[in-house]
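Notes follow the structure.
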Number of protein chains: 2
Amino acid sequence: MTIADSSAFRVSNLRQACAHCGLNQLCLPMALSEADMEQLDSIVERRKPLKRGSHLYRAGDGFKAIYAVRSGSLKTFSVTETGEEQVTGFHLPGELIGLDAINSWVHPCSASALETTSVCALPFEELEQLAAHIPGLQRQLLRLMSKEIFADQEMLFAMARRSAEERLAMLLLSFSDRFSRRGLSATRFRLPMARSDLGNYLGLAPETMSRLFRRFSENGWLSADGREIQLLDIAALTELSGRPTDDEPPVGKLHHSSL
Amino acid sequence: MTIADSSAFRVSNLRQACAHCGLNQLCLPMALSEADMEQLDSIVERRKPLKRGSHLYRAGDGFKAIYAVRSGSLKTFSVTETGEEQVTGFHLPGELIGLDAINSWVHPCSASALETTSVCALPFEELEQLAAHIPGLQRQLLRLMSKEIFADQEMLFAMARRSAEERLAMLLLSFSDRFSRRGLSATRFRLPMARSDLGNYLGLAPETMSRLFRRFSENGWLSADGREIQLLDIAALTELSGRPTDDEPPVGKLHHSSL
DNA sequence: CGTAGACTTGAGAACCTTCAATCAGTGTGG
DNA sequence: CCACACTGATTGAAGGTTCTCAAGTCTACG
């Protein structure tokens with residue numbers, strides 16, 4: 001306990017350097033030279049782990065740093081005046097959070113750990129200065145922000161046009177993909193969050209989530225034991241999620257003979 | 001117009017320079033020095049106006065530049081394999097579009113003009129280089145992207161938790177605010193897009209839009225003549241849009257006697 | 001002046017929510 | 001060790017919001 005205490009974590013020790021982090025192909029250092037990575041290392045603050053449920057920051061906190069998830073996972077969420085909570089994202093190792101605070105210098109939403117989680121803090125003003133000197137870093141920062149904009153728009157699309165089943169299929173495939181990029185199984189994983197968080201994120205009631213998981217199980221698409229998920233029919237989920245795999249046109253409809 | 005300052009004469013197209021653009025407080029040049037603005041000017045390509053309905057870019061096009069709306073308006077939208085269209089945003093003068101393409105170097109959605117519209121193209125690679133030299137520009141670029149992330153998340157929230165009425169109220173107030181920042185009336189404006197586009201953006205059927213506008217009119221919140229809108233009760237709309245009317249707490253609610 | 005597209009209106013149905021009760025898992029205290 | 005509370009998950013029933021379908025009206029514009 002005392003061994004792991006603050007001073008040891010403030011020092012940028014080699015074992016934890018970005019260059020040796022297994023996530024550097026997903027995270028900010030991507031495609032940086034060794035020398036550039038050392039510079040990045042010098043501003044990174046490696047925090048001690050957050051316990052499950054504790055907050056990395058809260059809505060309204062002043063913005064000082066962007067955070068990269070190192071291990072564990074977090075959810076970000078905003079809270080209305082009435083206490084309604086809206087989950088805006090789930091974040092796995094290698095992902096950046098806090099980008100939505102750059103504009104106003106205040107965090108518009110809160111971030112809390114879904115399990116024991118450690119993060120790297122990237123003090124924003126120093127990061128900005130560094131980005132101006134390291135072209136690759138500036139580009140990667142812009143890319144990651146762009147990616148988030150795109151992801152949010154896809155989510156928007158899903159919320160606007162997709163049924164509950166389709167949304168869940170999308171989300172499961174998204175986790176599958178993200179886990180597999182991190183070297184974990186694409187078909188067997190443990191979701192770190194409660195059903196109600198998943199539902200909240202998808203704009204669905206917890207009861208609906210429950211019914212969806214049952215239906216998916218009955219259809220043989222997955223098996224779920226609590227948060228432990230096994231995907232059994234990725235093809236079916238993929239079809240549901242978006243691409244209407246044009247091998248299943250409405251056969252009964254005889255209208256267009258030739259297109 | 002040009003009560004010319006001598007330094008500005010060296011810029012080729014004086015009338016169109018960022019420094020003299022009425023939008024520069026909303027757009028990228030915000031808070032740049034005159035000298036920095038000249039540098040920005042030098043990479044800006046001012047395109048000839050787009051006709052209503054024509055495309056600035058299409059989904060799948062290679063990404064070359066970010067665009068700033070100079071006059072008129074556009075919508076951005078993605079199209080699925082099945083031809084479904086999802087409007088992802090409406091863009092007024094001073095706003096930047098194409099930021100979602102930075103990550104993949106391909107435009108993930110299309111942009112088309114809602115009326116006669118002119119834009120400034122900001123070739124991305126040059127913009128990136130310039131941003132590395134001009135701290136204020138890098139910061140403003142990051143801020144604008146952050147703002148878009150935040151806006152998308154607010155929209156996500158709306159889609160997940162808000163009723164059709166609440167969403168429309170939000171959208172109307174958003175337009176009101178954006179028009180007034182551009183020196184137009186906050187209460188009387190002409191929406192440049194069809195009801196069906198509005199509905200598509202909000203995840204609502206056109207028929208629902210029609211019924212909503214009628215209900216809003218009946219309640220005296222606005223009067224609408226086609227695309228010409230007059231907001232009559234901003235307070236009511238504001239209350240609807242976000243703060244859940246805490247003057248109507250569940251006082252009268254007798255806990256279920258028996259049903 | 002006629003056609004095409006946009007908007008409106010109504011009726012019925014679908015999907016998802018809300019409410020309520022039950023159940024399972026976990027940690028606590030007697 | 002077991003009762004107890006507590007949180008999260010599950011299931012059923014009822015209801016509401018919004019969609020879809022189908023006309024019908026209006027408007028813009030060649």
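Predicted model, so just to flag it, every value in this text is computed and none were measured. Every chain is numbered from 1, with letters handed out A, B, ... down the list of sequences.
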- Query: Among all residues two or more places apart in sequence or in another chain, which pass the salt bridge (Lys or Arg N to Asp or Glu O under 4.0 Å) test with Asp61(B)?
  - Reply: none
- Message: Give me each pair satisfying side-chain hydrogen bond (donor to acceptor under 3.5 Å, both in side chains) with a member in residues 219-229 of chain A, each pair once, sequence neighbours excluded.
- Response: Arg190(A)-Glu228(A)
- Among all residues two or more places apart in sequence or in another chain, which pass the salt bridge (Lys or Arg N to Asp or Glu O under 4.0 Å) test with Arg181(B)? Asp177(B)
Report all interatomic pairs (protein N or O, nucleotide N or O of nucleotides 26-29 of chain D) with separations under 3.5 Å.
none

- Task: For Glu85(B) and Asn200(B), work out which heavy atoms get closest and say how close.
- Result: O-ND2, 2.7 Å
- Task: For Phe213(A), check ring-ring contact (aromatic ring centres under 6.0 Å, His included) against everything at least two apart and list the hits.
- Result: none
- Message: Without decimals, in angstroms, what is the distance between Leu168(A) CG and dA9(D) P?
- Response: 14 Å
- Item | Aromatic ring proximity, centroids under 6.0 angstrom, Phe77(B) and Tyr201(B) | no
- Query: When the distance from CG of Leu202(A) to P of dT17(C) is rounded to whole Å, what number comes out?
  - Reply: 10 Å
- Item | Partner set under side-chain contact (heavy atoms from CB on, under 4.5 Å) for Ser54(A), not counting sequence neighbours | Leu50(A), Lys51(A)
- Passes salt bridge (Lys or Arg N to Asp or Glu O under 4.0 Å), Glu218(A) versus Arg214(A)? Steps please. CA-CA 6 Å; Glu218(A) 286 168 0; Arg214(A) 182 158 61 87; 3.2 Å; yes
- Task: Applying salt bridge (Lys or Arg N to Asp or Glu O under 4.0 Å), run through Lys147(A) and Glu95(A) and close with a yes or a no.
- Result: CA-CA 11 Å; Lys147(A) 193 172 170 182; Glu95(A) 295 174 347; over 6 Å; no
- Task: Under 4.0 Å from any atom of DNA chain C, heavy atoms only: list the residues of residues 204-218 of chain B that qualify, in numerical order.
- Result: Glu207(B), Ser210(B), Arg211(B), Arg214(B)
- Using whole Å, report how far CE of Met159(B) lies from P of dT17(C). 14 Å
- Nearest-Å distance for atom pair CD/C1', residues Glu165(A) and dA14(C): 13 Å
- Nearest whole angstrom, please: distance from the C1' of dG8(D) to the CD of Glu228(A). 17 Å
- Item | With Ser78(B) via side chain to side chain donor-acceptor pair (under 3.5 Å) - residues at least two apart | none
- Output all residues satisfying salt bridge (Lys or Arg N to Asp or Glu O under 4.0 Å) with Arg188(B), sequence neighbours left out; order by chain, then residue number. none
- Note on the structure: salt bridge (Lys or Arg N to Asp or Glu O under 4.0 Å) filter on Arg215(A), not counting sequence neighbours, yields Glu165(A)
- When rounded to whole Å, the CZ to C1' distance for the pair Arg227(A) and dA9(D) reads 11 Å
- If each end axis of the helix from dC1(C)-dG30(D) to dG30(C)-dC1(D) is fitted on five C1' pair positions, the angle between them, to 10 degrees, is 30°
- Here the residues of residues 190-200 of chain B within 4.0 Å heavy-atom distance, strictly under, of DNA chain C are Ala194(B), Arg195(B), Ser196(B)
- Query: Angle class for the Phe189(B)/Phe175(B) ring planes (parallel below 30°, perpendicular above 60°, tilted otherwise)?
  - Reply: tilted
